Student: 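Starting off with a structure, shown below.
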Amino acid sequence: MQGCFVKFFTKTFVFKNRPSHEVLERIETVLGEAGRHDLVLIYFSGHGKLNPAGQLCLATANTKLRALASTSIPVGSIKSFFDHSASRKKILLLDCCYSGAVGKDFARGGFDDQLQLMSQGQGTFIMTASTGI
């Protein structure tokens, strides 16, 4: 039997040219309120910057290179919000320079572990537009 599954997102938030604190607060709130069976999708298109440790930061309207950690969205913060969310299905799509560097914060376990999670239809899925360099 063939079938089709369509998922409609009930809430969508768009942050065009908004400051980092506003975006971070909404991401934390959405992930904190998400239930176990909720699917959370975060899509970022913009500029990616690497901090001195090589970790990815997503640039926002107020980003300053001299204060990158406090004026951007460090991907490590998103990882922390993902870890504390009840949602078992999270997707992160990054369309920015250095987006492949997200693996420094998110990679865990081996390839077989990731395939096991994918076969169960749960976990964190990440798609990037570029490598980490």
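FYI, the numbering just counts along the sequence from 1. Any value given below was found using the heavy atoms of this structure, including those in side chains, with hydrogens, waters and symmetry copies removed. These numbers come from a predicted model, not from an experiment.
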Student: Of the non-hydrogen atoms in L93 and L41, which two are nearest, and what is the gap between them?
Tutor: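 Taking every non-hydrogen atom into account, CD1-CD1, 3.8 Å.
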Student: Within the 4.5 Å heavy-atom criterion, are P74 and N51 side-chain neighbours or not?
Tutor: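 Result no, sub-4.5 Å side-chain heavy-atom pair not found.
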Student: Within this structure, what is the CG-CD distance for the pair D38 and E33, rounded to the nearest 0.5 Å?
Tutor: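 Reported to 0.5 Å precision, the distance equals 10.0 Å.
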Student: Between S20 and T60 (side chain of the first, backbone of the second, donor and acceptor by atom type, cut-off under 3.5 Å), is there such a pair?
Tutor: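 No, S20 side chain to T60 backbone: no donor-acceptor pair under 3.5 Å.
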Student: Consider only side-chain heavy atoms of I, L, V, M, F, W and Y, link residues closer than 4.5 Å, and tell whether V75 and L65 are in one cluster.
Tutor: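 No, because V75 and L65 fall into different hydrophobic clusters, even though each may have its own neighbours under 4.5 Å.
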Student: Quick one: closest heavy-atom pair of L50 and A101, and the distance?
Tutor: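 In terms of heavy atoms, the two residues are closest at CD2-CB, 3.7 Å.
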Student: If I compare all heavy atoms of A34 with all of A86, which pair ends up nearest, and what's the gap?
Tutor: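 Distance-wise, the nearest heavy atoms are O-CB, 3.6 Å.
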Student: Do I42 and F82 have side chains that approach each other closer than 4.5 Å (heavy atoms only, starting at C-beta)?
Tutor: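 Sidechains of F82 and I42: in contact.
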Student: How about L31 and K90: do any of their side-chain heavy atoms sit closer than 4.5 Å?
Tutor: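 Yes, close enough: below the 4.5 Å cut-off.
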Student: To the closest 0.5 Å, what do you measure between CG (L68) and CD (Q55)?
Tutor: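 Rounded to the nearest 0.5 Å, the CG-CD separation comes out at 10.5 Å.
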Student: Given 3.5 Å as the limit, does a donor-acceptor pair link the side chain of S77 with the main chain of I73, or not?
Tutor: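 No: the side chain of S77 does not pair with the backbone of I73.
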Student: Let me confirm one number: the CZ-CG distance from F44 to D95, rounded to the nearest 0.5 Å.
Tutor: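 If I round to the nearest 0.5 Å, the distance is 9.0 Å.
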Student: Enter the distance from E25:CD to R18:CZ here, rounded to the nearest 0.5 Å.
Tutor: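 Reported value, rounded in 0.5 Å steps: 12.0 Å.
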Student: With side-chain contact (heavy atoms from CB on, under 4.5 Å) as the criterion, how do I78 and V102 come out once you've worked through the C-alpha distance, each side chain's angles and the decisive distance to 0.1 Å?
Tutor: CA-CA 10 Å; I78 296 174; V102 71; over 6 Å; no
Student: Is S85 reaching over with its side chain to a backbone N or O of G32, donor-acceptor style, under 3.5 angstrom?
Tutor: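 Looks like no, no N/O pair under 3.5 Å.
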Student: Identify the heavy atoms of C97 and S130 that sit nearest to each other, and give their distance.
Tutor: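 Heavy atoms of C97 and S130 come nearest at C-OG, 3.7 Å.
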Student: Within the structure provided, determine whether L24 and F81 are in side-chain contact (heavy-atom separation under 4.5 Å).
Tutor: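 Yes, their side chains come closer than 4.5 Å.
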Student: For K89 versus H37, what's the shortest heavy-atom pair and its separation?
Tutor: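 It is NZ-O, 3.6 Å.
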Student: Can you tell me if S87 uses its side chain to pair, donor with acceptor, with the backbone of L39 under 3.5 Å?
Tutor: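 Judged by distance alone, no pair lies under 3.5 Å.
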Student: Might you confirm whether atom CD of E22 has over 12 heavy atoms from other residues, nucleotides or ligands at distances under 6.0 Å?
Tutor: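 Correct, the count exceeds 12.
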Student: Kindly compute the distance separating CG (L94) from OH (Y43), expressed to the nearest 0.5 Å.
Tutor: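 Output value for this atom pair is 9.5 Å.
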Student: Rounded to the nearest 0.5 Å, how far apart are NE2 of H84 and NZ of K79?
Tutor: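 These two atoms lie 9.5 Å from each other.
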